[in-house]
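All of these numbers come straight from a predicted model, not from anything done at the bench.
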Amino acid sequence: MCGICGWVGFDRDLGDDASRRTLAGMTRTMECRGPDAEGTWVDTHAALGHRRLAVIDLPGGSQPMELPDEAGQRAPVIVYSGETYNFRELRRQLAGRGHRFRTDSDTEVVLHAHREWGRDDPRKAVQRLNGMFAYAIWDPGTEELVLVRDRLGVKPLYYHPTPDGVLFGSEPKAILANPLTERRVDLDGLRRALSWVHDPSNAVFAGLREVPPGAVVRVSRRGVQEERYWQLEDTGHTDDVPTTVRNVREILEDTAKRQLIADVPLCTLLSGGLDSSALTALAQKHVDGTVRSFSVDFTGYEDNFTADDVRGTPDAPYVREVAQFVGTDHTDIRLSTEQLMDPEVRAAALHARDIPAGIGDMDTSLYLLFKAVRERSTVALSGESADEVFGGYRDFHDADTVAADTFPWLAGRMMAHDPANPGLFDNGLYRSLDLPGYLDAQYRKALAEVPELTGPAAADPHERRMREICYLYLTRFLPNLLDRKDRMSMAVGLEVRVPFCDHRLVEYVFGTPWAHKTFDGREKSLLRAATADLLPESVVKRVKSPYPSTQDDTYEKELRERAAQLLRRDDSPVAPLIDRDAVRQRIDAPLDGKLVDGHPDPAGAGPGSRHLAPGLLRVPRPALTRPCAEIVARATTSAHERRSRTSGNSRPAARVGRDMGLTISDGPLSPRPPATVNYEITGPAHKLLMQPFPRRIRAEFAGRTILDTRDAVLVHESALVPVLYVPFDDLDDGVLVPTDHSTHCPFKGDAAYHSLTVGDRTAENAVWSYPEPKPEAPWLKGYAALYWDAVDAWYDEDEQVFRHVTDPYHRVDVRQSSRTVQVRLGDTVLAESASPMLLSETGLQNRWYLAPDDVRVPLTLTDTRSVCPYKGEAHYWAATLPDGTEVPDVAWSYPEALPESSRVQGLLSFWGDDVTVLVDGEPA
């Protein structure tokens with residue numbers, strides 16, 4: 001774990017003395033993140049800084065790091081923070097492709113991965129990484145900077161565009177150390193600071209942004225561009241509960257093994273809850289020797305504990321039981337009120353967060369816990385994010401909260417607040433902020449991103465709403481907790497890893513129906529079932545209890561005295577923000593465990609979380625005047641309908657699909673067809689489904705409107721991404737030019753192609769249609785599809801959703817993989833390979849191709865043929881199972897593949913509803 005920073009300026013020479021001093025100052029702000037070493041690298045237009053916390057390859061991982069120059073071209077240079085847990089597998093793959101390594105560090109592997117796979121598109125390299133990371137790569141040859149952040153945002157990375165480039169850093173303080181920035185917070189920044197809703201486009205300080213989780217930012221002379229390489233998607237989960245539990249356990253086992261790799265002392269953080277206890281047990285299972293574990297407690301807390309509706313039990317008894325049951329070397333970190341109120345400690349915690357918007361004693365105690373742990377370990381494993389992944393918070397299971405038309409943590413019992421009441425804020429400031437309007441706009445924006453459900457769950461309004469709740473927690477709530485964890489741990493030079501943020505686990509569980517996640521009638525059913533054999537029964541049955549907060553009245557008394565001291569100072573920075581009379585009334589009120597109307601622990605800490613943050617806005621729990629089921633149904637209607645009942649300044653909601661620029665409304669398409677169109681054309685099955693898409697679609701080409709329709713349809717087809725078709729007659733025939741190009745689909749018929757031509761600009765074969773579709777798809781007649789990358793298009797008046805991305809408009813990418821792929825039909829293994837080919841193609845799902853020698857059952861060539869204009873003529877094969885059953889057309893191959901797909905020539909791919917593909921033992 002490390003701290004990184006840098007500066008790109010295309011209109012200046014960053015090699016001068018003043019710029020070098022500035023870079024040194026930026027780098028020094030990251031000293032706490034990297035206490036072991038410092039390094040800088042300066043070129044004419046780029047300057048990179050790095051502070052290192054040595055965890056892997058202690059002598060060889062110094063940074064900034066360069067590769068040897070190649071073919072007369074200067075090599076890229078990297079500054080890297082975090083861990084890539086699969087770097088050893090990637091290293092073997094890269095070595096097999098001729099790469100030579102000088103160190104044993106994961107940083108060098110990442111740099112080689114970008115040279116091998118990310119030259120044209122850095123996302124292709126990043127997608128191969130499993131880990132928590134934030135890094136920057138500068139290419140002197142192309143003069144492009146690439147900023148990269150991991151999928152869940154475990155590691156922070158901020159950037160600030162400038163008139164001639166960009167500034168970046170692991171924390172805002174690194175960027176603010178550059179004189180090009182202004183330490184200023186405007187109203188939007190204050191809204192962001194006072195709401196517990198993550199928004200990477202607003203990092204509080206004016207002009208500052210976060211690199212979004214799962215994204216890269218590319219900076220060149222052309223400007224700054226954000227590009228996504230990962231996002232949560234619906235996986236069409238079909239596994240039953242026992243299979244799902246088994247898969248969760250397998251992923252957890254693998255994740256634990258990967259994240260236990262370190263060349264320094266490692267430990268776990270143990271609270272006695274299900275998450276941390278399961279993680280500690282898995283760690284002990286996979287290490288040689290005894291795992292160290294640490295917990296936090298307060299002086300007298302267990303003896304004087306008072307239960308409330310959030311914390312029913314203290315942690316200490318469960319911690320002791322788990323430590324004894326698992327056999328860890330355990331240490332309790334017991335904190336006193338004097339330590340929590342120590343001015344130096346509180347200042348250190350505040351400095352780590354950069355802004356005074358933390359969660360009081362729970363920030364301070366976390367800082368002290370990490371500081372104590374760092375004396376014995378350099379790396380710690382944390383159970384953070386299990387609640388968001390598996391649905392552990394009480395708000396997931398409260399019908400009123402689920403039904404509320406806002407972020408659930410703002411409607412839950414612990415954060416409820418009358419939005420008309422400014423609390424401790426100055427009334428004028430509060431009105432200017434319009435926090436209710438801000439939060440509503442953020443909520444609509446978030447809902448618009450939620451992926452559409454598929455499969456049986458799509459018809460259940462409650463399943464749809466719970467998928468929204470899970471998405472909101474993972475993308476708008478969890479990043480705040482991850483940031484808190486990162487800031488407090490790196491302030492003392494401790495690396496904290498979060499195995500429950502492994503993207504494979506998040507993807508799999510996110511796609512799981514809510515009924516699976518609560519199959520035993522409780523929270524976190526899947527995690528409990530997957531790890532019950534590792535834990536004491538008392539922990540398996542224990543009810544969720546959040547991170548502890550002191551219950552000592554002495555703490556609150558001292559906090560009130562400090563607040564009174566602030567009131568007596570006219571020059572206090574907080575004075576212009578607060579209502580002095582409201583604060584004074586609160587100070588004088590009887591002790592009740594709630595000093596201010598500030599936010600208690602956003603993870604559900606509730607009463608007893610006491611601090612000086614004035615009046616975080618919350619939304620009241622809804623006054624239900626209709627049955628809850630009706631409100632849940634209301635909450636899942638389309639964004640357009642919701643917007644008409646709320647503020648009028650929200651932008652139309654859209655979810656942009658990949659490759660084809662497909663746009664799907666965030667609510668159910670209406671009206672839905674009464675039944676799917678399901679034709680078993682080839683064995684095992686091939687399916688076609690048409691849905692009306694009743695939104696206004698507008699498209700322009702070369703500045704000319706070529707389409708304006710409300711009669712589009714959405715076509716789903718096995719193995720393809722959904723495709724949007726529009727009435728052929730609604731296209732401007734003045735720009736359509738028929739071509740000789742044609743393709744044949746065995747399921748839809750012969751496709752005819754048209755080019756788009758306006759003036760001297762032509763998009764070849766950008767439109768296709770089926771003049772005489774096969775009987776199975778009669779509704780295709782009269783409709784056409786576009787390569788949406790070729791045009792500029794909008795829906796609902798003003799929301800641009802299609803982008804001019806590639807030219808030409810179709811890509812085929814074939815690459816060798818070292819992953820183990822197994823193809824199964826029921827209990828029969830059809831094929832298995834440790835060196836398959838992975839083919840990615842515009843508009844299609846990724847396909848695995850295996851060699852004939854990898855096939856485990858007899859195959860017989862059939863008469864079925866199809867022609868792909870990018871891969872060639874496909875021949876189909878029937879498989880004979882051990883019991884003699886013949887499965888027709890279950891595989892295909894390209895005996896004479898076209899040049900762009902020559903690497904799959906003679907290889908086989910399998911498909912079918914009953915065919916399962918496992919990649920490294922996990923469903924693909």
Subject >> CZ/Arg222: more than 12 non-hydrogen atoms of other groups inside 6.0 Å >> reply: no
**OP:** Check for a donor-acceptor pair, side chain of Arg374 on one end and backbone N or O of Gly493 on the other, with a separation under 3.5 Å.
**Re:** yes
**OP:** Taking Asn86 for its side chain and Asn130 for its backbone only, find out whether a donor-acceptor pair lies under 3.5 Å.
**Re:** yes
**OP:** State the CD-CG distance between Glu171 and Asp486, to the nearest 0.5 angstrom.
**Re:** 7.0 Å
**OP:** Not counting sequence neighbours, which residues clear salt bridge (charged side-chain N to carboxylate O under 4.0 Å, His left out) with Glu384? List them please.
**Re:** none
**OP:** Indicate yes or no for a side-chain donor-acceptor contact from Asp150 to the backbone of Gly153 under 3.5 Å, with no hydrogens or angles considered.
**Re:** yes
Original post:
Have Glu38 and His50 got a donor and an acceptor in their side chains that come within less than 3.5 Å?
Top reply: no
**OP:** Establish, yes or no, whether a centroid distance under 6.0 Å links the rings of His114 and Tyr135.
**Re:** yes
Original post:
Does a side-chain N-to-carboxylate-O contact under 4.0 Å join Arg487 and Asp363?
Top reply: no
**OP:** Using a strict 4.0 Å threshold on nitrogen-to-oxygen distance, state whether Arg191 and Asp188 make a salt bridge.
**Re:** yes
**OP:** For His99 and Gln93, test the side chains for any donor-to-acceptor distance below 3.5 angstrom and give the result as yes or no.
**Re:** no
**OP:** Please find out if less than 6.0 Å separates the ring center of Phe101 from that of His112.
**Re:** yes
Original post:
Are Ser105 and Thr107 linked by a side-chain donor-acceptor pair shorter than 3.5 Å?
Top reply: no
Original post:
Charged N to carboxylate O under 4.0 angstrom, Lys173 versus Asp354?
Top reply: yes
Original post:
Side-chain donor-acceptor pair under 3.5 Å between Asp16 and Ser19, yes or no?
Top reply: yes
Original post:
For Asn846, does the CG atom have more than 12 heavy-atom neighbours from other residues, nucleotides or ligands under 6.0 Å away?
Top reply: yes
Original post:
Can you tell me if CZ on Arg228 sees more than 12 non-hydrogen neighbours from other groups inside 6.0 Å?
Top reply: yes
Original post:
Ion pair present between Arg74 and Asp43, side-chain N to carboxylate O less than 4.0 angstrom?
Top reply: yes
**OP:** Inspect the contact between Arg91 and Glu89 and indicate whether a charged nitrogen and a carboxylate oxygen are less than 4.0 angstrom apart.
**Re:** no
Original post:
When you measure from the side chain of Thr181 to the backbone N and O of Ala177, does any donor-acceptor pair fall under 3.5 Å?
Top reply: no
Subject >> Side-chain donor-acceptor contact under 3.5 Å, Tyr159 with Arg209 >> reply: yes
**OP:** Could you verify whether a donor N or O on one side chain and an acceptor N or O on the other, from Glu143 and Trp138, lie under 3.5 Å apart?
**Re:** no
